[in-house]
Q: 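Sending over a structure as C-alpha cells; questions will come in a sec.
All chains are named by letter (A, B, ...) in the order of the sequence lines, taking the proteins before the strands, and each is independently numbered beginning at 1. Since the model is a prediction, treat every value here as computed from it, not as a measurement.
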Amino acid sequence: MIDLAHFRKDPAFFRAAWSDRGVNVDVDALLAIDVQVRELKLQGETTQAELNGASKAIGQAAREGKDVAAAKETARTLGDRVRELDAKRAGVEQQLVERLAVLPNPCLAVVPKGKDAADNRVVSTWGTAPGFAFAPKAHWDLGPALDIIDFDRGAKISGSGFVALKGMGARLSRALVAFFLDRHTRRNGYTELAVPYLVQPQMMYGVGQLPKFADQLYRCPDDDLMLIPTAEVPVTNWHRDEILDLAELPKQFCAHTPCFRREAGAAGIGTRGMTRVHQFDKVEMVWLTPPERAESDLLTMRGHAESLLQELGLHYRVLELCTGDTGFSSCHTFDLEVWSAGTSSWLEVSSCSDFGEFQSRRANLKFRREKGGKPAHLATINGSGLALPRCLIALIEANQEADGSVVIPEVLRPYMDGLERITKTGVGGRGSGAG
RNA sequence: GGACAGGUGCCAGAGUGGUCGAAUGGGCACGAUUGGAAAUCGUGUGUACUUGAAAGAGUACCGAGGGUUCGAAUCCCUCCCUGUCCGCCA
C-alpha cells in the first residue's frame, strides 16, 4: 500500500513512478475519490458528534424525570442521517481501497528505467561456466539416470508440474536446506522460524500477494486458508499488529518451507524438468528494519545469498531489475541467477527485494524510535537464500562427470555422511544412489 | 468433534444500558526525596483516522462481524481464539 498522505501531497511523483513501471493509473480519479471520502467522513463524524451530544442530554433529562419523547425523536432522525452518510462513505471508501490495493510500490530512484527483463542491469558475475570434455546433460536426463529425480512418479501422484526426489536426490535436497539454514543462523545472525504453510487471506494481502495475484495461489475454501507461495508470507506477518522497539531491530529471520504456486498461464514456457514446478522447497530470509537502513541491509542480505552460491562453487550473476520488471510490492530488487550447465541458461535462484514501507502498511508492522515516541512503519526486506530445485539443478549439472556421476561439493559432504559422489551403481551404503 | 469456562489498556483485574477510553493494583517514564540506592510521595503512561499552521477539536476501537436502542464494554445473533474435561488421532 502506498502512503496516502504522500500521494495527496505529491501525485506527480506517483504518476511518474507508475508510468516507469508500465502501469496506467488514473491519478486524478483517485484523488477525487479520496476527497469525496474525506468529505463524507467529516460530515458523518460531525453528525455523529451531534447525536452523541443529544443522547447524553437525553440521559441527563431522563434522570431528572423530564419528558424525553421529543428529544428521542430528533435523535432518531440524527441517527438515520448518520447511517445514511456512513453507508455512502463506506461505499466510496471501498472503491478507493480496492483501487489502491492493486497499485504497485513506486521504485526507488536508483532503479534502472526499463520495460521488461531485457532492460535489467547485470551488476556482477561470479566464477566461470564449467567446461566439459563431453556433452553435459541437462538435469532432466541426469536425474532420472541416477534415479534421484522422478518426474513420472511426481506427475502420477499429483499431476504435471509436480516432481519427486528419491534416494540421494532427496538427501541432497535436505543437505542444501540444512547447509543454508546453518549458515544463516550460525554465521549471519538469523533466527530460524518454522511456520504454518496454510495461512489466512489477510496474510497474503499483507505482503501484496492478494488481491492481485489470487490466481497464482492454491486455496482451501472450506477453511478459508491458502497455501503459501513463499515463506515470506508467514514470516513477514510474524510481527503483524505489533509495535517493536528500535533496540530490537533489525529482525533477521530465516525459514525453510515448501512453496506452492499454481503457475497459471506459465505452462509450456521453459517448464521442462524442474525449473518451474508447483511445489518446491526454499529457504527464505526476511528482515524487519528501520526504513533508513533498508537499502544497506538489502546489500548485506544479498551478500548472504551470494556467499552460499560461492561456497557451493556455482557460477552466477547478479541482476538489478529495471522498473518494468520489478515485482509488485518491491521498490528495488536484485536477482541472483545461477548457471545451468546442462541447458546453457541462467536460472533465478534468489530474488532480494527492498519493499520499503509498502508491506508494513498492509501488514501493520511498526516500531518506535524512542520510548513514548510515535509508532512508525518498518521497512521489510526479503530474499531467497536459496531456492532449492534450481540450486539442485545447477549443482548436479555443473558437477557431472563423463560417466554420469555427480561430485558433491565439499561444504555439503558433512550433511551427506561424507559422501563424495552420487553414482548410479551400488545399492545401499555409502555412494548409493538409492540411499 | 462434544461439554463447560473465558477473551477488557504493557500486565493483572473491576465494570451487566447513560456521568466508561474505561476503577484499582502492578509495570514503565519523568520529577521530588537521598551521598547513592531501596522504600516513599507526586505527575504521566493506547492506537487509528478526520480536521487544524499550531494549540487543540472530533470520530472509532473493551476478540471479530452484525443487530436492538436516543444511547452498548454491558442486551441479542453469528463467527474466531484460549483454557479445562471427554472423544478421536500423527
Q: Sticking with atom P, work out how far B:A54 lies from B:U69, rounded to a whole angstrom.
A: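 Each nucleotide's P atom is 41 Å from the other's.
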Q: CD of A:E242 versus P of B:A48: gap in Å, rounded?
A: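 After rounding, the reported distance stands at 15 Å.
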Q: Could you tell me how far apart A:D86 (CG) and B:G66 (P) are, to the nearest whole angstrom?
A: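 Going from A:D86 (CG) to B:G66 (P), I get 10 Å.
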Q: Answer yes or no: is there a donor N or O on one side and an acceptor on the other, between the side chain of A:R15 and the main chain of A:V25, under 3.5 Å?
A: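 Not at all, since once roles are kept as given, no pair shorter than 3.5 Å links the two residues.
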Q: Take atom C1' in B:G7 and the same atom in B:U74, then report the distance between them in whole Å.
A: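 Roughly 15 Å separates the two C1' atoms.
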Q: Can you tell me which nucleotide in B:U50, B:U47, B:G18 comes closest to the side chain of A:L42?
A: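 From the listed options, B:U50 comes nearest.
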Q: With a 4.0 Å cut-off, would you call A:D152 and A:K156 a salt bridge?
A: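 Salt bridge: no.
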Q: Using atom C1' in both nucleotides, what's the gap between B:U82 and B:C70 to the nearest angstrom?
A: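 It comes out at 37 Å once rounded to the nearest Å.
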Q: Would you say A:K72 places a side-chain N or O within less than 4.0 Å of OP1 or OP2 belonging to B:G71?
A: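 It does not, given that no N or O in the side chain of A:K72 lies less than 4.0 Å from OP1 or OP2 of B:G71.
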Q: Going by purine N1 to pyrimidine N3 plus the second Watson-Crick contact, or the G-U wobble pair, all under 3.5 Å, which nucleotide sits opposite B:C4?
A: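 Matched B:C4 with B:G83 under the 3.5 Å cut-off.
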Q: Does B:A64 pair with anything, Watson-Crick or G-U wobble, both distances under 3.5 Å, and if so, with which nucleotide?
A: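 In the structure as shown, B:A64 has B:U78 as its Watson-Crick or wobble partner.
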Q: Could you tell me whether A:E311 and A:R183 have a side-chain N and a carboxylate O separated by less than 4.0 Å?
A: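 Judged by the 4.0 Å cut-off on N to carboxylate O distance, A:E311 and A:R183 do form a salt bridge.
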Q: Out of B:U47, B:U50, B:G71, which nucleotide sits closest to the side chain of A:R83?
A: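 The closest nucleotide is B:G71.
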Q: Using atom P of each nucleotide, how far apart are B:C81 and B:G25 to the nearest Å?
A: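 My reading of the P atoms in B:C81 and B:G25 gives 37 Å.
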Q: Could you pick out which residue, A:A54 or A:P375, lies toward the 5' side of RNA chain B when each is mapped onto its nearest nucleotide?
A: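 Its nucleotide being nearer the 5' end, the pick is A:P375.
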Q: For B:A54, which nucleotide in any strand shown is its Watson-Crick or wobble partner with both distances under 3.5 Å?
A: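 Its partner: none found.
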Q: How far, in whole Å, is B:C77 from B:A5 if one measures between their P atoms?
A: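 Those two atoms are separated by 14 Å.
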Q: Is it true that, when you exclude A:Q202 itself, more than 12 heavy atoms of the residues, nucleotides or ligands shown sit nearer than 6.0 Å to its CD?
A: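 Yes - once you tally the heavy atoms of other residues, nucleotides and ligands closer than 6.0 Å, there are more than 12.
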Q: Are A:T380 and A:Q359 close enough that a side-chain donor and a side-chain acceptor fall under 3.5 Å?
A: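 Short answer, yes.
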Q: Would you call A:R302-A:E306 a salt bridge at under 4.0 Å N-O?
A: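 Yes, A:R302 and A:E306 are salt-bridged.
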Q: Only pairs with both distances under 3.5 Å count, Watson-Crick or wobble alike; so what is the partner of B:U59 in this structure?
A: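 Its partner is B:A48.
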Q: When you match A:E50 and A:K374 each to their closest nucleotide on RNA chain B, which lands nearer the 5' end?
A: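 Checking each residue's closest nucleotide, the 5'-ward one belongs to A:K374.
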Q: Return no unless some side-chain N or O of A:R368 is found under 4.0 Å from OP1 or OP2 of B:U47.
A: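 Yes, because at least one side-chain N or O of A:R368 sits under 4.0 Å from OP1 or OP2 of B:U47.
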Q: Rounded to the nearest angstrom, tell me the gap between atom CG in A:D241 and atom P in B:G9.
A: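 Rounded to the whole Å, the gap is 14 Å.
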Q: Among the candidates B:C70, B:G58, B:U51, find the nucleotide nearest to the side-chain atoms of A:A49.
A: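 Comparing B:C70, B:G58, B:U51 against the side chain of A:A49, the answer is B:G58.
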Q: Taking B:U51 as the reference, what is the distance to B:U40 when you measure between their P atoms (whole Å, please)?
A: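 Per the computed distance, 47 Å lies between those P atoms.
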Q: Check every strand shown and say whether A:L51 touches a base, only sugar-phosphate, or nothing at a heavy-atom separation below 4.0 Å.
A: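 Since only primed, P, OP1 and OP2 atoms lie under 4.0 Å of A:L51, the category is sugar-phosphate.
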Q: Sticking with atom C1', work out how far B:C4 lies from B:A57, rounded to a whole angstrom.
A: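 Those two atoms are separated by 48 Å.
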Q: From CZ of A:R81 over to P of B:C70, roughly how many Å is that when rounded to an integer?
A: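 Checked: the CZ to P distance equals 19 Å.
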Q: Using whole Å, what does the distance between atom P of nucleotide B:U51 and atom NZ of A:K41 come to?
A: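 Going from NZ in A:K41 over to P in B:U51 covers 9 Å.
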Q: Hey, does the Lys NZ or Arg CZ of A:R362 hover above the aromatic six-ring of A:Y205, less than 6.0 Å from the centre and inside 45° of the axis?
A: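 Yes, A:R362 sits over the ring of A:Y205.
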Q: Strictly below 4.0 Å: does A:N52 bring a side-chain N or O up to OP1 or OP2 of B:G58?
A: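 No, no such contact exists.
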Q: Could you identify the nucleotide paired to B:U40, looking across every strand shown and requiring Watson-Crick or G-U wobble geometry with both distances under 3.5 Å?
A: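 Answer to the pairing question: B:A32, which forms a Watson-Crick or G-U pair with B:U40.
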Q: Need one value for A:R8: base, sugar-phosphate or nothing, where a base atom within 4.0 Å counts as base even if backbone is also close, heavy atoms only.
A: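 Answer is sugar-phosphate: A:R8 comes under 4.0 Å of backbone atoms only.
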Q: Considering Watson-Crick and G-U wobble pairs with both distances under 3.5 Å, what does B:G25 pair with?
A: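 Per the H-bond distance test, B:C11.
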Q: Using purine N1 to pyrimidine N3 plus N6-O4 or O6-N4 for Watson-Crick, or N1-O2 and O6-N3 for G-U wobble, each under 3.5 Å, what pairs with B:C88?
A: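 No nucleotide pairs with B:C88.
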Q: Measure the distance from CG on A:D67 to P on B:C70 and round it to the nearest whole Å.
A: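 For the pair A:D67 CG and B:C70 P, the rounded distance is 14 Å.
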Q: Does A:R38 place a side-chain N or O at less than 4.0 Å from the phosphate oxygens OP1/OP2 of B:U50?
A: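 Result: no.
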Q: Of the listed nucleotides (B:U59, B:C49, B:U19), which one gets closest to any side-chain atom of A:K56?
A: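 From the listed options, B:U19 comes nearest.
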Q: I'd like to know whether NZ of A:K212 has more than 12 heavy-atom contacts from other residues, nucleotides or ligands below 6.0 angstrom.
A: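 For A:K212, atom NZ is crowded (more than 12 foreign heavy atoms under 6.0 Å).
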Q: For the P atoms, the ones on B:C79 and on B:A3, what distance do you get once it is rounded to whole angstrom?
A: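 Going atom to atom, P in each nucleotide, I get 12 Å.
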Q: With a 4.0 Å limit, can you tell me whether A:Q60 has a side-chain N or O closer than that to the phosphate oxygens OP1/OP2 of B:U19?
A: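 Checking A:Q60 against B:U19: no side-chain N or O falls below 4.0 Å of OP1 or OP2.
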Q: Could you please name the partner base of B:G71, counting Watson-Crick and G-U wobble pairs only when both distances are under 3.5 Å?
A: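 WC or wobble partner does not exist here.
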Q: Which whole-number value in Å describes the distance from A:N364 CG to B:U47 C1'?
A: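 It is 9 Å, rounded to the nearest whole Å.
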Q: Send over the distance from A:E45 CD to B:U51 P, rounded to a whole Å.
A: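 Spelled out: CD on A:E45 to P on B:U51 is 9 Å.
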